[in-house]
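Please read the structure below before turning to the comments.
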Amino acid sequence: MEDERSFSDICGGRLVLQRRYYSPFCREFCLTCPRLSLCSLTAVTCTVWLAAYGLFTLWENSMILSAAIFITLLGLLGYLHFVKIDQETLLIIDSLGIQMTSSYASGKESTTFIEMGNVKDVVINEAIYMQKVIYYLCILLKDPVEPHKISQVVPVFQEQSSGRSTSQCGLFQTPGLEWFLSQA
């Protein structure tokens, strides 16, 4: 059985959350973000290249144009490979664990698995962002030394890399999220 519902992220972008049931003990949540817009990509590229052309006309140095093209291409490849997440998936198998997968625009996938024995609880947390209340899903991990304490809070549907958020994909501003995820 599959269920689908639309939400908006903290910037107003459209997100699609799908629930899939494979068995009573296995379910999957898939969050899809909008693809990279060709218009925005073209606008950024043209802006950088026009600025480089303006500098070229002032100083008449062709290295400026070459550097602008090189920097634009490297920046785009870096953005697609490390930052822009197209889809995030949460696969829950009751007796085994939780698998989180992030699919980047370049095709790269990042997968994290958390054993069910390490999970203390799964909660919907709320936070204030600017002047909005946002909701996000978190997994609370048990402390290995003291199992009644929490050792780590793992946010779901927002890829974390080097301690900074590289995607706002998982930050919701729709109160209906609580109902939708509670139906799991």
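Along the sequence shown, residues carry numbers from 1.
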Quick one: are L73 and I69 in side-chain contact, heavy atoms under 4.5 Å? yes
If you group Ile, Leu, Val, Met, Phe, Trp and Tyr by side-chain heavy-atom gaps below 4.5 Å, do Y22 and F113 land in one group? yes
With rounding to the nearest 0.5 Å, note down the distance linking OG in S106 to CG in L77. 9.0 Å
Mark yes when over 12 heavy atoms from residues, nucleotides or ligands other than I128 sit less than 6.0 Å from its CD1; otherwise mark no. no
Heavy-atom closest contact (E28 atom, L91 atom, distance): CB-CD1, 3.9 Å
With a cut-off of under 6.0 Å to the ring centre and 45° to the axis, is K108 in cation-pi contact with Y104? yes
Smallest separation among heavy atoms of L15 and S8, with atom names: CD1-C, 4.2 Å
Side chain of T45, backbone of T42: donor and acceptor closer than 3.5 Å? no
For residues L137 and I124, report the shortest heavy-atom separation together with the two atoms involved. CD1-CG1, 3.8 Å
What residue among T111, I139, T89 forms side chain to side chain contact (heavy atoms under 4.5 Å, CB included) with M100? I139
Do E4 and V16 come within less than 4.5 Å of each other through their side chains, counting heavy atoms only? yes
In this structure, would L50 and L65 fall into the same cluster of hydrophobic residues linked by side-chain contacts under 4.5 Å? no
Side chain proximity check, M116 to S95, heavy atoms < 4.5 angstrom: no
Quick one, F7 and L17 - any side-chain contact, counting heavy atoms below 4.5 Å? yes
Let me confirm one number: the NZ-CG distance from K84 to L76, rounded to the nearest 0.5 Å. 12.5 Å
Do Y21 and I93 share a hydrophobic cluster (ILVMFWY, side-chain heavy atoms under 4.5 Å, transitive)? no
Would a 4.5 Å heavy-atom cut-off, applied to side chains only, mark I64 and Y53 as touching? no
Between R14 and S6, is any side-chain donor less than 3.5 angstrom from a side-chain acceptor? yes
Does any non-hydrogen side-chain atom of L90 lie less than 4.5 Å from one of I98? yes
Within the 4.5 Å heavy-atom criterion, are I150 and L141 side-chain neighbours or not? no
With a 4.5 Å limit on heavy-atom distance, are the side chains of D86 and T32 in contact? no
Shared hydrophobic cluster for I92 and L96 (ILVMFWY, side-chain gaps under 4.5 Å): no
Nearest 0.5 Å, what's the OH-CD distance between Y129 and Q131? 11.5 Å
I need the minimum non-hydrogen distance between D94 and P24, along with the two atoms involved. OD2-O, 3.8 Å
Nearest non-hydrogen partners of S102 and E88, listed with the distance: OG-OE2, 3.4 Å
If you round to the nearest 0.5 Å, how far is NZ of K149 from NZ of K120? 11.0 Å
In terms of side-chain geometry, is the basic nitrogen of R20 or D3 positioned less than 4.0 Å from the acidic oxygen of its partner? no
